[in-house]
2 protein chains.
Amino acid sequence: MHEVIKRIPLFSGLEEGMVNKISEFCRLRIFNKGDIIFFESEPYRGFYAVVSGLVKVYKISRDGREHIIHIIAPFNTFAEVPLLENLDKITDDDFRYPACSMAIEDNTKVVLVPANEFRDILKNDLNISLRMLSGLAKRLRHLNHHIEELTLKDVTKRTAAFLISVYENTSSNSKLKGSTISLSVNRSDMAAYLGTAIETLSRTLSRLQAEGIIEVTGKKIFIKNAYKLKEISLS
Amino acid sequence: MHEVIKRIPLFSGLEEGMVNKISEFCRLRIFNKGDIIFFESEPYRGFYAVVSGLVKVYKISRDGREHIIHIIAPFNTFAEVPLLENLDKITDDDFRYPACSMAIEDNTKVVLVPANEFRDILKNDLNISLRMLSGLAKRLRHLNHHIEELTLKDVTKRTAAFLISVYENTSSNSKLKGSTISLSVNRSDMAAYLGTAIETLSRTLSRLQAEGIIEVTGKKIFIKNAYKLKEISLS
DNA sequence: TATGTCCATTGATTTAAATCAAATTACACG
DNA sequence: CGTGTAATTTGATTTAAATCAATGGACATA
């Protein structure tokens, strides 16, 4: 657990003693694809850090439609809000998870950081508190961007932006002559993240392919014209 | 300025010495309706706290459509993200505002909290850092909720939810037999916040009126059936 | 190699909301 | 108190995307 904790940016660089202290009360949990990590409005236990695999944080509407708010990659944390919102409160009674989360890859490993134990540390450690601030700020920026996309751009632009972001976060030396990206999510999750229907996403990808900008082969997508794709995403 | 700073929750309850120290480098600025407080991608100076009046934080799309991300009421802060995202950085070069903001009432008073000066305090004060964490967490929850509304609910439900939230935040003792709420924003801003067009919002209000749930008179709206309105917002 | 299940694609149709256009109302200012 | 301008409402039409429906793989398992 010690080694795992040290790799999470929120905790990395802390002195050994503190890492040990935190490691003591954290718990490693392993989930398979489709397993629920927590339900919305379930009593709050603490926040999580993804160690390996992939997690989605999402909301379900009354009529069953799903929207994915975040896709959490390894070494990122999620579900800190209930912990931080009311640091003064003594107990966690009545705190609940504000969304659902689910593992979307097999053998997804996450660390549960229990709320009460961590709060005691946080309230006495400026260092950790500042790290959490940075983390939340990044999350906030991401959400702002997500809202901007959803409200000001159509499905084609959002799809292009999503592909470009995967493309740009993929370290590859052959980008100039195009390269293949490998989507970590299936169509259904991608659509739920982009705020559209599976069919619409499928059509959008087909259209981009017909225009010679990408080449789709299941979860592998060959970016033939990154420049044009970026142009679409920004238009 | 001292008295103003003390009323901002982020700073209230701090010891006098600290309040004085912060007051020294903050600057009071006054804007009229329609005045820009900052543009998107303008160099970052620091964050703001609204003292009186009303401020909107918004994004503009390429084709000129506007979406309001936040409406900031007195004693709340905004634009902290660039400051917090990179607390390590020594200078603020290359930090920019990620959205625009504008006063939407005359005589809107805001306090500018300059980034560099405040960062020095923040990095040495656990108390303030914890308060900022709570503030950001609340903001995060609000944004999550906003995304949920935008993606999982139609215009009628979003409108109902907006009216209900104004209604519930209005202290009134006559709620049982219905009461009048006074919208602080015009149709255009309300539409931009709800992620719809002015005409669609107007039609939606008309429909709710035709159904006997509300009674519209410009910015005054009489809530005839709060129960039904809430029911719509939750459906 | 067949078979069932899941997932993705394609086609047809519907629908909510945007856009375009006009009329009406509110409102600021001389 | 009119007059012009902006804000709002109402009407007609278009459009992007959702939904409904069917088909077409891919893949695992028997």
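Throughout, a chain's letter reflects where its sequence line sits, starting with A, and its residues are numbered from 1.
The OG1 atom of A/Thr159 sits 8.5 Å away from atom CG of A/Asp154, with the distance rounded to the nearest 0.5 Å.
Separating the CG atom of B/Leu183 from the C1' atom of D/dA7 is a distance of 14 Å, rounded to the nearest angstrom. Whole-Å rounding puts the B/Asn186 CG to C/dA28 P distance at 13 Å. Rounded to whole Å, the distance from CG on A/Asp154 to C1' on C/dA16 is 16 Å. If you measure from atom NZ of A/Lys220 to atom P of D/dG25, you get 22 Å, rounded to the nearest angstrom. Following rounding to the nearest Å, B/Lys153 (NZ) and C/dA16 (C1') show an atom-to-atom distance of 17 Å. In this structure, NZ of B/Lys33 is placed 10 Å from C1' of D/dA7, rounded to the nearest angstrom. At whole-Å resolution of the value, CG in A/Leu150 and P in D/dA16 are 18 Å apart. Rounded to an integer number of Å, the gap from CG of A/Leu194 to C1' of D/dA18 is 15 Å.
Within the 3.5 Å criterion, the main-chain N or O of B/Asn32 finds no donor-acceptor partner in the side chain of B/Asp106. Between the side chain of B/Tyr44 and the backbone N or O of B/Ala79 there is at least one donor-acceptor pair closer than 3.5 Å.
Within the 4.5 Å cutoff, side-chain heavy atoms of B/Tyr97 are placed close to those of B/Arg45. No side-chain heavy atom of A/Leu152 sits less than 4.5 Å from a side-chain heavy atom of B/Asp63.
Of the listed nucleotides (C/dA18, D/dA18, D/dT9), D/dT9 has the atom at the smallest distance from the side chain of B/Ile198. Listed nucleotides: C/dT19, D/dT9, C/dA17. Nearest to the side chain of B/Arg65: C/dT19. Nearest to the side-chain atoms of B/Ala197 among the listed nucleotides D/dA16, D/dT8, C/dT19 stands C/dT19.
Overall, the helix from C/dT1-D/dA30 to C/dG30-D/dC1 carries an axis bend of 40° between its ends, with five pairs at each end and the value rounded to 10°.
Residues A/His146 and A/His70 keep their aromatic ring centres 6.0 Å or farther apart.
For the pair B/Leu10 and B/Met132, the tightest heavy-atom approach, listed with the atom from each and the gap, is CD1-CG, 3.5 Å.
DNA chain D is contacted by B/Glu199, B/Ser202, B/Arg203, B/Ser206 of residues 199-214 of chain B, taking any non-hydrogen atom closer than 4.0 Å.
In this structure, B/Thr196 reaches the C/dA18 phosphate: one of its side-chain N or O atoms is under 4.0 Å from OP1 or OP2.
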Note to self: Applying salt bridge (Lys or Arg N to Asp or Glu O under 4.0 Å) to B/Glu149 and B/Arg158, what does each step give before you reach the verdict?
What the structure shows: CA-CA 6 Å; B/Glu149 296 268 318; B/Arg158 301 206 292 272; over 6 Å; no
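Between A/Tyr193 and A/His142, the two ring planes are parallel [angle under 30°; tilted spans 30° to 60°].
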